[in-house]
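First up is the structure itself, then whatever we jot down about it.
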Amino acid sequence: MAAPTGRDTCECKPDMAAVKAVSSPLPLALRIVAECPVTKARACVLTLPHGSVNTPVFMPVGTQGTMKGISAQQLEQLDCQICLGNTYHLGMRPGPELIEKANGLHGFMNWKRNLLTDSGGFQMVSLVELSKVTEEGVLFRSPYDGKEILLTPEQSIGIQNSLGSDIMMQLDDVVSSTVTGPRVEEAMHRSVRWLDRCIAANQNPHRQNLFAIIQGGLNAELRRACLDEMTKRDVPGFAIGGLSGGEEKDDFWKMVTLSTDHLPREKPRYLMGVGYAVDLVVCVALGCDMFDCVFPTRTARFGSALVPWGSLQIKQKQYAKDFQPIDPECECPTCKRHSRAYLHALFKSDTAAMHHITIHNISYQLTLMRAVRQSIIEQRFPEFVRSFMRRMFPNDEPHPSWVVDALASVNITLNR
Ligand SMILES: [Zn+2]
């Protein structure tokens, strides 16, 4: 266990030694291919140590202890260019030493493309009941053997250095987006201090990119202050954190757009924990490049298949004799091979049904983002958004007001 730095950093002062450490050429390049002239949407190519990533991109979760429902090979077949590895589970079991021996997480998973790992902190705060945040780090009780463990920013980066991911996330002080008051401000300042400790701890700045995470809850002033401080550091990319945790959608999109307004144009912007199709399309319009969410894979396990008109509950009786694929327009291996009726029957007896729907759902997300990207390149993104929303909310179904307002803020009027 690494010793805490014990540094009594004054609030938000950049650590120049740490800043310098990443000033050498970054193992990341962002090329802006096209910008939408109407909205804040953009299409880029992000070059990372394990190949290029076309953005906007949805990043599926590739590891959750064991891979739930999809293999590295299948992700590759879906032309997934980057996926997530879960630091918390991998850091506990099999443990970073073993993964390091297997040539990092790439070798362990046999995944040749890019990987993003989280700091591990979020899982501890959200999954482990007994967790406590101090200036040193996150203190929690191991769910495996009950021992107390302290996860410091240095250790989080140490684990992620062992995993060898292409993008690492800083340890941040996570507060639920529904919490208000002084705790939010404390967490924001602490996240800035922990960012400096993470930058200083990174042993591989030449091949592993550390992303900062913007915090500040739903308070515009705190978000702005966090943006001001964090963008002073020359980190390779920025994430927008602390959202998508049950807050009002009106607060959500306003914090997203405020963040993209202040983030540097030449660096990637990653909106954490967002994965509903409608949210993805809106947040691309607001200027975000990267997204992740467990939703598409989690919902698949309950028999929910994502389609351009919402979702289809494969367990429902109406699909028992329906011989169409989940989505006749979908090109995924599941839709090419299996009918709704088959999946419906399979769901009753076999976990393979979950697996087939997981593949379809990931394919849906990746295909959606490719279509979004193509429309930005072809300068018809606003029209794409309108037709996407017409399909998602057909007939007289009203568009959610937050969608209307968020899109109006970037000059897209939804006609109804
Ligand atoms: Zn499909």
Side-chain angles (χ1 to χ4, degrees), residues 53-64 66-84 111 113 274-284 290-375 384-385 387-394:
V53 176
N54 291 335
T55 72
V57 65
F58 177 80
M59 305 179 287
V61 182
T63 54
Q64 283 183 320
T66 56
M67 279 179 240
K68 282 185 181 160
I70 192 155
S71 71
Q73 194 191 0
Q74 285 164 328
L75 281 176
E76 216 171 289
Q77 279 163 0
L78 296 176
D79 203 18
C80 169
Q81 298 168 319
I82 181 167
C83 73
L84 258 71
W111 172 250
R113 300 183 180 183
V274 167
Y276 295 137
V278 170
D279 301 16
L280 291 172
V281 171
V282 171
C283 293
V284 167
M290 307 163 73
F291 306 88
D292 83 289
C293 190
V294 292
F295 162 72
T297 40
R298 183 172 290 165
T299 202
R301 296 201 289 277
F302 296 99
S304 181
L306 306 175
V307 286
W309 58 95
S311 65
L312 192 145
Q313 308 308 315
I314 214 75
K315 288 198 267 189
Q316 285 174 0
K317 236 181 177 169
Q318 67 189 100
Y319 301 115
K321 290 177 186 168
D322 186 340
F323 296 101
Q324 293 181 85
I326 294 172
D327 176 4
E329 288 169 29
C330 179
E331 301 274 324
C332 86
T334 302
C335 290
K336 276 190 182 158
R337 220 164 292 147
H338 303 302
S339 67
R340 295 172 182 179
Y342 171 77
L343 295 169
H344 174 89
L346 196 63
F347 221 98
K348 291 183 177 158
S349 60
D350 199 330
T351 52
M354 295 180 197
H355 174 82
H356 292 311
I357 299 172
T358 300
I359 290 178
H360 165 83
N361 282 0
I362 290 177
S363 173
Y364 171 81
Q365 302 283 106
L366 298 178
T367 308
L368 171 65
M369 297 312 268
R370 282 194 279 265
V372 165
R373 184 172 197 274
Q374 200 53 34
S375 77
F384 175 92
V385 174
S387 82
F388 169 88
M389 293 297 172
R390 264 198 301 277
R391 212 161 171 206
M392 199 53 97
F393 305 99

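All ligand and atom numbering here is 1-based and tracks the order in the structure. These numbers come from a predicted model, not from an experiment.
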Chi angles and distances behind the side chain to side chain contact (heavy atoms under 4.5 Å, CB included) call for Gln313, Ser304: CA-CA 5 Å; Gln313 308 308 315; Ser304 181; 3.2 Å; yes
Taking His344 for its side chain and Lys317 for its backbone only, find out whether a donor-acceptor pair lies under 3.5 Å. no
Protein-derived N, O or S atoms sitting under 2.8 Å away from the Zn ion (ligand 1) total 4
Side-chain donor or acceptor of Asp292 paired with backbone N/O of Met59 under 3.5 Å: no
Phe302 and Lys315: which non-hydrogen atoms are nearest, and at how many Å? O-CE, 3.2 Å
Can any side-chain N or O of Arg340 pair as donor or acceptor with the backbone N or O of Pro325 at less than 3.5 Å? yes
Is any side-chain heavy atom of Val57 less than 4.5 Å from a side-chain heavy atom of Met369? no
